[in-house]
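Predicted model, so just to flag it, every value in this text is computed and none were measured.
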Amino acid sequence: MSTGRGQQYTGQASASETARLTIAQAVQDALNVEMERDPSIIVLGEDVGLNGGVFRATDGLFERFGPDRVMDTPLAEDAIIGASVGLAVTGMRPVAEIQFMGFVYPAVNQILAHAARMRNRTRGRLTVPMVIRMPYGGGIHAPESHSESYEALFVHSPGIKVVVPSNPYDTKGLLISAIRDEDPVMFLEPKRIYRAFREPVPPGSYTVPLGTAAIARQGSDVTIIAWGAMVRVCLDAASALEREGISAEVIDLRTLNPLDRDTLLASVTKTGRAVVVHEAPRTAGVGAEIVALINERALLQLEAPVERVTGFDTVFPYAKLEKHYLPNRERISAAVRRTLEF
Amino acid sequence: MSTGRGQQYTGQASASETARLTIAQAVQDALNVEMERDPSIIVLGEDVGLNGGVFRATDGLFERFGPDRVMDTPLAEDAIIGASVGLAVTGMRPVAEIQFMGFVYPAVNQILAHAARMRNRTRGRLTVPMVIRMPYGGGIHAPESHSESYEALFVHSPGIKVVVPSNPYDTKGLLISAIRDEDPVMFLEPKRIYRAFREPVPPGSYTVPLGTAAIARQGSDVTIIAWGAMVRVCLDAASALEREGISAEVIDLRTLNPLDRDTLLASVTKTGRAVVVHEAPRTAGVGAEIVALINERALLQLEAPVERVTGFDTVFPYAKLEKHYLPNRERISAAVRRTLEF
Amino acid sequence: MPRKPIHSCTVERLEILGPDGALDASLMPDLDEATIVELYRTMVRMRVFDDKAVKLQRQGRMGTWAQLKGQEAVQAGVAHAMIEDDWLIPAFREHGLMFLRGVPGHLIYAYWAGDERGASFPEGVRCLPIAVPVGSQFTHGSGIGLSLKLRGEHAAAVTFGGDGATSEGDFHEALNFAGVFDTNTVFIIQNNQWAISMPRERQTSSPTLAQKADAYGIPGLQVDGNDVFAVYVAATEALERARSGGGPSLIEAVTYRLGDHTTADDASRYRTGEELAHWQEQDPIPRLRRYLEERNLWDDERERTLEEDAAKWVAAEVDAMNAMPPPDPGDIFRYMYASMPPALAGQLAGLTQEVDR
Amino acid sequence: MPRKPIHSCTVERLEILGPDGALDASLMPDLDEATIVELYRTMVRMRVFDDKAVKLQRQGRMGTWAQLKGQEAVQAGVAHAMIEDDWLIPAFREHGLMFLRGVPGHLIYAYWAGDERGASFPEGVRCLPIAVPVGSQFTHGSGIGLSLKLRGEHAAAVTFGGDGATSEGDFHEALNFAGVFDTNTVFIIQNNQWAISMPRERQTSSPTLAQKADAYGIPGLQVDGNDVFAVYVAATEALERARSGGGPSLIEAVTYRLGDHTTADDASRYRTGEELAHWQEQDPIPRLRRYLEERNLWDDERERTLEEDAAKWVAAEVDAMNAMPPPDPGDIFRYMYASMPPALAGQLAGLTQEVDR
Ligand SMILES: Cc1ncc(C[n+]2csc(CCOP(=O)(O)OP(=O)(O)O)c2C)c(N)n1
Ligand SMILES: Cc1ncc(C[n+]2csc(CCOP(=O)(O)OP(=O)(O)O)c2C)c(N)n1
Ligand SMILES: [Mg+2]
Ligand SMILES: [Mg+2]
C-alpha cells in the first residue's frame with residue numbers, strides 16, 4: 001500500500017488499534033474499510049483520485065484501489081450522479097462525491113427524479129444503492145456558493161435518506177451504514193469541523209444505524225435539537241447555560257430522513273421546551289418540520305413555543321459577513337432563555 | 001390580430017368588457033395585456049410559440065407578437081432559465097415557461113444559484129426581473145413526473161418569490177404583478193383547475209399584490225390554509241362542514257414567499273384551530289413552515305395541534321393510484337374535526 | 001495556408017434500401033430470408049401494437065400514449081442487433097424495442113394506462129423503465145456501459161433518445177463521460193424530426209445530429225432510420241465495438257413521427273399535411289414489404305395472416321392487462337425504501353383505514 | 001464509396017508569434033508599435049496584480065485567490081478586441097479582463113477577500129460578477145447575446161469558461177441556444193490544461209475543444225493562447241461577426257495555468273515539474289518581450305519603470321481596498337429584494353440589535 005504523497009493518514013483498514021481521527025479521516029477510513037470488504041464499491045467524483053479530494057477525504061484510495069475503483073470524473077455533476085444510477089442498478093455500489101453542496105444543483109434532477117424513485121417506479125425490481133457524499137455548511141470563509149446547507153431540499157424529497165454526522169466516530173459508522181444501505185443516501189459532511197478535532201475511532205468495521213438520533217448531552221430543562229456542525233455549537237451553549245443553572249439536553253439527529261421521532265419527542269415531552277438549530281435559511285428549513293412534529297405530537301407538553309435558531313432567509317454571506325449569519329452560542333442561549341422565560 | 005388556428009380565446013387586451021375566463025385563459029390574457037404595454041417582455045419556453053403551449057396558456061401570442069417576442073426554445077430548461085437571467089440583467093423582462101414542474105430540476109442551478117442571488121451578490125447593481133411560469137400539481141391523470149408540487153424547494157431558497165393562484169381573477173392580477181416585479185418570481189399554475197371553471201375577469205390591466213393572502217371564506221371555528229388547486233377542495237370541505245355546524249375560515253395564501261403572516265395569524269388567533277393543506281409531500285413541506293409560524297406566534301391561542309393534510313412522503317403515484325394521494329374533502333374534514341375534538 | 005488545420009471530421013450516412021426500393025447490394029448485411037421476413041413481421045406487430053394503444057386511449061382505457069408509428073425500422077433493426085446480455089435504456093417511445101427485449105406487451109400497456117406495475121419487468125429483462133424527464137436517461141447509459149466494462153461483460157448499454165433530447169445538458173455530459181471512460185455504450189438518436197412542436201431544424205443549428213459525436217471524440221454515423229437494413233448494419237457495428245472494448249458511439253437514425261407527439265397532442269397545429277404526406281411515402285413498413293414482394297417472400301395472403309396473428313396477440317395483451325387486479329393503494333408506500341420507516345408506515349396505516357372504510 | 005459523406009468539418013489553429021520568437025508576418029494584425037507595447041504593459045500589470053493577490057493571501061489578508069498567471073495573453077488579447085458596448089461574462093479567473101473592462105482593481109481584491117461589494121461594479125461597466133458554479137455563466141452569455149441582438153446593439157457578449165467547464169451541461173445548452181438564435185455571443189475557452197487536478201486529456205476525449213463548436217453548427221477555432229497576436233486576431237474576427245449579426249462562435253485558447261488552481265490547492269500533488277518547466281518556456285510575457293526587444297521597442301530600463309509603475313498601481317489598489325469601511329451586516333438583508341418583506345425586516349432587526357449590543 002502506497003503512502004501517497006504527503007498525506008498524514010492512509011486508512012486503518014488493516015490497523016488493529018483505535019486511532020484518534022478527524023472527521024475527514026473517518027470518512028477516508030470508512031471508505032478504506034468498505035472498499036476492502038466489497039469489490040463492487042466504487043468511488044467517483046471530481047478530484048477524488050490522485051488529488052485525494054479537495055478536503056483529502058479520499059486520500060490514498062486511488063493508490064490503494066486503482067483507477068477502476070477510484071475514478072476522477074469530468075467536471076459534470078449531472079453525469080456523476082446519473083452514471084452512478086446506472087452503476088447502481090447494475091449491481092455496483094457507487095460512492096459519488098459532489099465537491100461542495102453548492103454544486104449539487106446540476107445533479108438535482110438525477111437525484112430527485114431517478115435515484116430517489118427507481119425502486120418505487122419499478123415496484124422494487126431495480127434499486128439504487130448509492131451514497132452521495134458532499135461537504136456542506138459554512139464557517140470556513142470559503143468563496144461564494146461554498147457554504148450551502150440545503151438539506152431541506154432532499155429531506156422533502158421522498159426516496160432518499162439524508163445523513164449528517166457531527167463527530168468522527170459517527171462519521172465512520174454512519175458512512176459504513178450508508179454504503180451498505182439498499183437505498184440512495186445523501187451523506188453531508190460538516191466541512192467546518194472536518195479537521196477541527198480528533199476522536200478515538202475503532203479500526204475495522206462497525207456501523208451506527210441510520211435513522212437513530214443520539215442524545216449528545218443529557219438535560220432536563222430544555223431540548224436543543226441540531227445536526228452536523230451545529231451540534232458542537234449547541235453543546236457549547238449547553239455548557240454555558242449550565243453555569244446559569246439551566247440544564248439543556250442536546251439531541252444530535254444524525255439522520256434527517258428518516259427522522260428519529262421517538263428520541264426527539266421523548267426528550268421534548270420530558271423537558272417541555274425545545275430549540276431547533278440549523279445553518280440553513282429559516283423558512284421551510286428542516287427546523288420547521290421539527291417544530292411541526294412537536295406541535296403534532298407533544299403540544300400539551302409544551303411550556304413555550306419551540307424556538308428556531310437558524311440562518312437568515314438570505315443568501316449565505318461571503319466571508320467577511322458570514323459570522324453574522326451562522327447560529328452561535330449566544331443566539332442559541334438566548335433562544336433557550338426565551339423558552340424558559342415564556 | 002390573427003385568431004390563431006382553432007383556439008377559443010385570443011386575449012382581451014383590446015376588449016372592453018369583462019369576460020368569463022378559465023385560469024389558462026387568464027394567464028394568456030395577462031400576457032397579452034402586459035406584452036402590449038411593455039415591449040421588453042419576452043415569452044420563451046418549449047412549444048410556447050406556434051403551438052401556444054401544451055396547455056394553450058400562450059395561445060395566440062406568437063401570432064400577435066411575432067418570433068422575436070415569443071420564442072420556442074430548444075429542449076433545454078437550464079438554457080431557458082440561464083438565458084433568461086442574461087436577458088433580464090440587460091433590461092429585458094423574460095417570462096419563461098417550464099412545461100411541467102417535474103421538469104424544472106435541470107434549471108434549479110440557474111434559479112437558486114443565479115436568478116435568486118444576482119441582486120444580493122452585486123449589492124443591487126444587477127437585478128433579474130423575470131417570471132418562471134409552470135403548471136404544477138396532480139389530479140389530471142398525467143404521466144409520471146407530470147404531477148409535482150415541489151414549491152417547498154423554492155420557498156426555502158431566498159431571493160425568489162413564489163406565487164400560486166387559485167382562480168382566474170387572481171391569476172391575471174398576480175401574473176401582472178409578477179411580471180412587473182423587480183425580482184424573479186416563480187409562478188405556479190394549478191393545472192388541475194386550468195380549465196375547470198370560468199370566472200369574470202376584467203379586461204385590461206389590474207394587479208393583485210404579491211405577498212397578500214385572501215380570505216376565501218369567512219369562518220369562526222377553524223382556519224383552513226391552502227393555495228392553488230387545494231383552495232377549491234378546502235372550500236368544498238368548508239361547505240360540507242357547515243352542514244355539520246362547523247364554521248371554517250379558508251385562507252388562500254396566494255403567495256408562498258413572502259408569506260402573508262398577518263392574515264394567517266389573525267385568523268388562527270381568532271379561531272384557535274388550524275389545518276394546513278397541500279399536495280406536496282408532508283415532510284418539510286411548506287405546511288411545516290406554517291405550523292412553525294403558528295407555533296411561534298400564536299401558541300397560546302391554539303386549542304389544538306395544527307393539523308397537516310398533505311401528500312404522502314412517497315413518489316407521486318401514477319394515474320391509477322393518484323386519487324389516494326391527493327388531499328380530498330374527507331381528509332380535510334376529518335382533520336378539522338380532530339382539531340375540534342382535541 | 002494561413003491557419004493550420006489540426007482536426008477534421010467527416011460524417012457519413014448509411015442507406016441500403018431506398019424508399020424507391022433501390023438496394024445497395026454491396027452494403028447488404030448477411031441476413032437470411034427468414035430473418036428478413038421476421039424483421040418485417042416484427043415491424044408490423046409494432047404498428048398493430050401501437051395502433052391498438054391509440055384506440056384504447058380514445059376509448060378512455062389508457063392514459064396517454066406516445067406513438068411509435070413510423071419508427072418501426074429503427075426499433076426492429078436495433079433489437080435485432082442486440083444480444084441477450086445487452087441493456088436497453090429507453091427514452092419513452094421505444095415500445096417496440098421493449099417488447100422485443102422481453103417486456104410483456106400487457107405490462108407496456110398497463111404502464112401507459114397509469115400503473116407502475118407496468119415498469120416492474122420480469123426478472124432478467126435488462127431494461128430500464130422509460131425516462132420521463134427528456135434526456136435524463138443518457139447518463140444512465142454511460143453508467144451502465146461503465147458497469148459492463150468494469151465487470152468485463154461482453155455486452156453493451158443501448159441508450160435511446162430523441163432529436164429534442166440532444167439539446168439537454170444530460171446528452172452532453174453522458175456522451176462526454178462515455179468518451180472519457182470508453183464505456184460499453186451506444187447512443188441511438190431517433191431523429192423523428194419533431195420534439196412536440198419544435199422542428200429538428202430549430203432544435204439545433206448543426207446540419208446533422210451525428211456530427212455531435214465528434215465533440216466527444218467518439219464515432220458518429222447517420223443512418224436512414226426507415227431502412228431496417230441500414231439500421232441493423234450500423235447498430236451491429238457499433239454494438240460489437242462497444243461490447244469488445246472499442247468504446248462508445250452515436251447513431252443518428254433519421255426517421256419520422258407519423259403520429260401526434262402523444263394522444264394529448266394535435267400535430268396539425270404545427271406541421272403541414274404536405275410534410276406528413278412526404279414522409280408517409282418513406283414509411284419503413286411498405287418499403288420492406290416491397291422488398292419482400294419483389295423477391296416473392298411476401299404476398300397479400302401472408303399479410304392477412306400476419307395481421308390476424310398480430311391482432312390476436314395484441315388482443316391477448318389487452319386481456320392480460322385487463323386481467324390484472326387493480327393496484328393496491330399500499331403499493332404507493334411499499335417500494336419507497338428497502339424497509340419502511342415508521343413515519344411512512346403511519347401514513348400507510350392511515351390510508352389503509354380510509355380505503356377499508 | 002460505401003457510405004455517403006454528408007458533413008465534414010475542419011478545425012484550424014492560429015499561431016502568429018511562436019514561443020521561439022518566430023513570427024508569421026502574413027498573419028500579423030495591423031497593430032501599431034504603441035499598441036503592441038501597451039499590450040505588453042497590460043500583461044505585466046496582470047502578472048503583478050496576480051502576484052500581489054497571492055502575497056496578500058499568504059499574509060492572511062485575502063480569502064482564496066485563483067491565479068491567472070500564464071493566461072495573460074488570452075486576457076489582454078481579448079480585452080483589446082472588445083469595444084465599450086460589449087459585455088464580459090467571466091468565469092472566475094479573468095481578473096485581468098475585468099480590470100481592463102473597468103472593474104477597479106481594489107474591487108476585485110475586495111471581492112476575493114470575501115466582500116460582496118467587490119461585485120458591485122461601477123455604473124456602466126458591462127460585466128457580470130464571476131460565476132462560482134463552473135459553467136453556469138455560459139447560458140448567461142447566450143441570453144445577453146440574444147438581448148443585444150433583439151435590441152439591435154452593435155455589441156457582443158464575450159463569455160469565458162475553462163477547459164473543465166466544457167464538460168458541464170451548461171456549456172452544451174448555451175452553445176446550442178446561441179446557435180439556434182444566432183445570438184451575438186462569443187464563447188472563449190481558456191484551456192489551461194487543468195481543471196484542478198484533472199488534466200485536459202481526461203476531461204474529454206476530443207483532441208481539441210474547438211471542434212465542439214461543430215456540434216452546434218457554429219465556427220470553432222483554436223488559437224495559441226500564449227500568443228497575444230493570435231488571440232487578438234481570433235477575437236476580433238469572432239467579435240465583429242457576432243456584433244454584426246453573423247452569429248456566435250467558439251474560440252479555444254490553448255494556454256497554461258502556471259500557478260496552483262487556487263491558493264487552497266497544491267498542484268505538485270498531481271502534476272510534474274517537467275510539465276511546468278515546459279510551459280514556463282511558453283510564458284506569454286517573455287515571448288512578447290523578446291518580440292519588442294528584437295524591434296528595439298523595449299529594454300531593461302523600460303521594464304524597470306513598468307514594474308515600478310505596476311507595483312505602485314497595485315499598492316494603491318490594495319490601499320483602496322483597505323480603505324473600504326467594513327461591510328455593514330445589514331447588507332446581508334438589504335439586497336435580497338427590491339423591497340424588504342416584513343419577515344426579513346424582522347430578522348434584520350434582530351441582527352442589528354445583536355450587533356449594536
Ligand atoms: C426535461 C423535460 N422537459 C420537457 C418535457 C416535455 N416533453 C416530453 S416529450 C418532449 C419532446 C421530446 O422530443 P424528442 O426528444 O425529439 O423525442 P420524441 O418525442 O420526438 O420521440 C417534451 C418537450 C419532458 N418530458 N422532460
Ligand atoms: C458546478 C461546480 N462544480 C465544481 C466546482 C469546483 N471547482 C471550482 S474550479 C474547478 C475546476 C475548473 O476548471 P476549468 O473550468 O478548467 O477552469 P480553471 O480553474 O482551469 O480556470 C472546480 C472543479 C465548482 N466551482 N462548480
Ligand atoms: Mg423527436
Ligand atoms: Mg482549466
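To the nearest 0.5 Å, atoms OG (A/S84) and CG (C/L146) are separated by 9.0 Å.
Counting heavy-atom pairs under 4.5 Å between each of C/D331, C/V180, C/I89 and chain A puts C/D331 at the top. Ranked by heavy-atom pairs shorter than 4.5 Å toward chain A, the options C/K149, C/Q137, C/E123, C/H172 are led by C/E123. Top candidate by heavy-atom pairs under 4.5 Å with chain A, chosen from C/Y337, C/F121, C/F177, C/F138, is C/Y337.
Every ring-ring contact (aromatic ring centres under 6.0 Å, His included) that C/F99 has, sequence neighbours left out, goes to C/F49, C/W313.
In plain terms, the two heavy atoms of A/G124 and C/Y335 that are nearest each other are N-CD2, 3.6 Å. Of all heavy-atom pairs spanning A/H114 and C/S136, the tightest one is NE2-OG, 2.7 Å. Among all heavy-atom pairs drawn from A/R125 and C/P122, the shortest one is NH2-C, 3.9 Å. Between C/M336 and A/N120, the closest heavy-atom pair is SD-ND2, 3.3 Å. Scanning both residues, A/P74 and C/N176, for their nearest heavy atoms gives CB-ND2, 3.7 Å. A/D72 approaches C/F181 most closely through the heavy-atom pair O-CZ, 3.3 Å.
Side chain of C/S120 to backbone of A/T122: a donor-acceptor contact under 3.5 angstrom is found.
Counting heavy atoms from C-beta on, the side chains of C/P133 and A/N109 come closer than 4.5 Å. Side chains of C/H140 and A/Q110 form a contact here, defined as non-hydrogen atoms less than 4.5 Å apart.
The contact list for residues 88-105 of chain A toward chain C, using heavy atoms and a distance under 4.5 Å, reads A/V89, A/T90, A/G91, A/M92 by residue number. Residues of residues 157-166 of chain A that come within less than 4.5 angstrom of chain C, heavy atom to heavy atom, are A/P158, A/G159, A/I160, A/K161 in numerical order. Below 4.5 Å, heavy atoms of chain C meet heavy atoms from A/E182, A/D183, all part of residues 177-188 of chain A.
Contacts of A/D78 with chain C are made by both backbone and side-chain atoms, with heavy-atom separations under 4.5 Å. For A/L87, the parts lying near chain C are the backbone and the side chain together; criterion is any non-hydrogen pair under 4.5 Å. Neither the backbone nor the side chain of C/R126 comes within contact range of chain A, judged by heavy atoms closer than 4.5 Å. Neither the backbone nor the side chain of C/L107 comes within contact range of chain A, judged by heavy atoms closer than 4.5 Å. With a 4.5 angstrom heavy-atom cutoff, A/T73 touches chain C via backbone and side-chain atoms both. Of the atoms belonging to C/L128, heavy atoms from both backbone and side chain fall under 4.5 Å from chain A. For C/Y111, the part lying near chain A is the side chain, with the backbone staying farther off; criterion is any non-hydrogen pair under 4.5 Å.
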Evaluation steps, side-chain contact (heavy atoms from CB on, under 4.5 Å), between A/I42 and C/L150: CA-CA 10 Å; A/I42 285 187; C/L150 292 173; 3.2 Å; yes

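Comment: A/R121 does not engage C/E116 in a salt bridge, judged by the lack of any side-chain N to carboxylate O separation of less than 4.0 angstrom.
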